[in-house]
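Note sheet for the following structure.
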2 protein chains.
Amino acid sequence: MPEKGRPRSFDRADALMRAMQVFWEKGYEGASLAALTAAMGINAPSLYAAFGCKESLYLEAMELYSQTVGTEIWAALETAPKAREAISRFLDATARAYSQADTPHGCLIALGGLHQAAVPQAVCDAVSRHRGENIAKLRDRLEAAIAAGELPANVNTEAVATFYATVQHGMSILARDDGSYESLKHVADGAMAAWDVLTRDGKH
Amino acid sequence: MPEKGRPRSFDRADALMRAMQVFWEKGYEGASLAALTAAMGINAPSLYAAFGCKESLYLEAMELYSQTVGTEIWAALETAPKAREAISRFLDATARAYSQADTPHGCLIALGGLHQAAVPQAVCDAVSRHRGENIAKLRDRLEAAIAAGELPANVNTEAVATFYATVQHGMSILARDDGSYESLKHVADGAMAAWDVLTRDGKH
DNA sequence: GCCTTTCTGTAATGATCAATAAATATATCT
DNA sequence: AGATATATTTATTGATCATTACAGAAAGGC
């Protein structure tokens, strides 16, 4: 059944995607409403009618980022048969994604809400929670590898997961300074160089 | 010889230190003039007379950070006799500094200017350049180790330096989410687990 | 003493911020 | 057609931003 009233003249999903790109490049605090409306091709009242406020628009944009760009990066974690290959491909996908010439460098979530005073609390909480969930994803993958008998049971999965997630976060900062794939790939390779030590049996 | 005119009623160095703490916690974009003047205990005209403008105050605060907090963290790099111990102690000093309860978590420089649109270009350039200089410090230490015959000559010092600097940058983000020493130390340990592989002779 | 110089407090500047009021336009429903 | 509902455009709101005019205060030089 069709909607009542005047139909909106823009595509909501397309406008959201454009907003996401602005937040990705400029951050919450650097993305003015003027910049957002210009990129989205709409006026402020249309933005508020469709998305509520800047804060809720950001939260939607973050979810969209997670479900598009984020999904690409994290796909390897579940498709690769072995944990080592899963993490390695995850880091390489990160290096490739963060160095794309046609998108902002680094991750919207990793770089978001790092200065509490500059963003609404809900934004700070949302990105922080998302980063925590990403650590959990890595930990779960490592736990699965233990359950499969692939890794020793006494591997500190929380510590290893935190290490790889933290390397990925650092790659976002590196990507902002030096967006070359080569530099990012060196970091990914460096992190994988720790694999054998981090996943060996802790008993002597 | 004493100065002409009314003497300033506050200690410039103390005011700068307080400004540094505000920028450290809130970032350039989150640190309003109102917050700065409140923390510094002075009014806006005094701030402008003594420091020029917000941008130049930030640049001075960044230098102060580098010469106080930064120096503590990087001291190990030059005092430790061997490269491995130098890097290891550098990362442990980072974990300790970033988890201090009485200071903001993470690094002013690592977290600064990540969103170009939110800060003046000069601020963005200054923090980015500083991050680059930190990579160079690590690389120089590794080169010295090669010169001392401690490491094989074909170690990719730029890549290894970039890896360790990037881990440290990631630790700033982790410290904002979870400021515990334990988590940060796990990451430091994870990075050191890569040492042997990263510094072994590349020839087979 | 007065003059000059510099700093301090108050109050204001114009710019930009996110968010909205009012009027008009375009659709469905009866 | 007329009523209702939603969207759009233009212009505006009050808040906050960094910065500064202005007048009074506190020092040295004469």
Side-chain angles (χ1 to χ4, degrees), chain A residues 1-16 18-19 22-23 25-62 112-113 115-124, chain B residues 1-16 18-19 22-23 25-62 112-113 115-124:
Chain A
M1 48 175 149
E3 305 285 333
K4 270 211 296 197
R6 179 174 176 175
R8 87 164 42 99
S9 63
F10 61 94
D11 185 88
R12 192 184 188 279
D14 181 66
L16 178 59
R18 292 168 186 271
V22 174
F23 283 128
E25 180 190 344
K26 300 173 185 286
Y28 181 90
E29 58 275 18
S32 68
L33 238 67
L36 286 165
T37 52
M40 298 164 85
I42 61 178
N43 294 114
S46 297
L47 185 155
Y48 281 87
F51 299 101
C53 62
K54 187 184 176 184
E55 180 177 324
S56 49
L57 173 61
Y58 182 89
L59 296 176
E60 270 202 69
M62 189 196 69
H115 290 120
Q116 200 173 346
V119 299
Q121 192 60 41
V123 166
C124 196
Chain B
M1 47 174 149
E3 303 285 333
K4 268 209 298 195
R6 179 175 178 175
R8 86 162 44 99
S9 63
F10 61 94
D11 185 87
R12 192 184 189 278
D14 181 64
L16 177 59
R18 292 168 185 271
V22 174
F23 282 129
E25 179 190 343
K26 300 174 185 287
Y28 181 90
E29 57 276 18
S32 67
L33 255 296
L36 287 165
T37 53
M40 298 165 85
I42 61 178
N43 293 115
S46 297
L47 186 155
Y48 280 87
F51 300 101
C53 64
K54 186 184 177 185
E55 180 176 323
S56 47
L57 173 61
Y58 182 91
L59 296 177
E60 269 202 68
M62 189 196 70
H115 290 120
Q116 201 174 347
V119 299
Q121 192 62 40
V123 167
C124 195

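Every chain is numbered from 1 and lettered A, B, ... according to where its sequence line falls, protein lines coming before strand lines.
Legend: residues meeting salt bridge (Lys or Arg N to Asp or Glu O under 4.0 Å) with A:D14, ordered by chain and number and at least two apart, are A:R18. Applying the side-chain contact (heavy atoms from CB on, under 4.5 Å) rule to B:A118 yields the partners A:E29, B:E29, B:H115; only residues at least two apart in sequence or on another chain are considered. Evaluation of the salt bridge (Lys or Arg N to Asp or Glu O under 4.0 Å) rule for B:R12 yields B:E60 as partners, not counting sequence neighbours. The ring pair (Phe, Tyr, Trp, His ring centres under 6.0 Å) check on A:Y58 picks up A:F23, A:Y28, with sequence neighbours excluded.
As a whole-Å value, the separation of A:Y48 OH from C:dC17 P is 12 Å. The interatomic distance linking B:K54 (NZ) with D:dT19 (P) rounds to 8 Å, in whole Å. Rounded to an integer number of Å, the gap from B:K4 NZ to D:dA25 P is 22 Å. Between B:M40 atom CE and D:dA18 atom P there is a gap of 13 Å when expressed in whole angstrom units.
Within 6.0 Å of CD on A:E55 lie more than 12 heavy atoms contributed by other residues, nucleotides or ligands.
Comparing B:C53 and A:G5 by the nucleotide of DNA chain D whose heavy atom lies nearest to each, the residue mapping closer to the 5' end is A:G5.
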**Study point:** side-chain contact (heavy atoms from CB on, under 4.5 Å) evaluation trace for A:L16 with A:L57
**Key:** CA-CA 8 Å; A:L16 178 59; A:L57 173 61; 3.9 Å; yes
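Residues from residues 25-36 of chain B placing a heavy atom under 4.0 Å of any atom in DNA chain C do not occur.
When all heavy atoms of A:T37 and A:N43 are compared, the closest pair comes out as CG2-C, 4.0 Å.
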Between the protein and nucleotides 8-12 of chain D, list every N/O to N/O distance that falls short of 3.5 Å.
residue, atom, partner, partner atom, Å
D:dT8, OP1, A:S9, N, 2.7
D:dT8, OP1, A:S9, OG, 2.7
D:dT8, OP2, A:S46, OG, 2.8
D:dT9, OP2, A:N43, OD1, 2.6

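In this structure, A:K54 contributes its side chain and A:A31 its backbone to a donor-acceptor pair below 3.5 Å.
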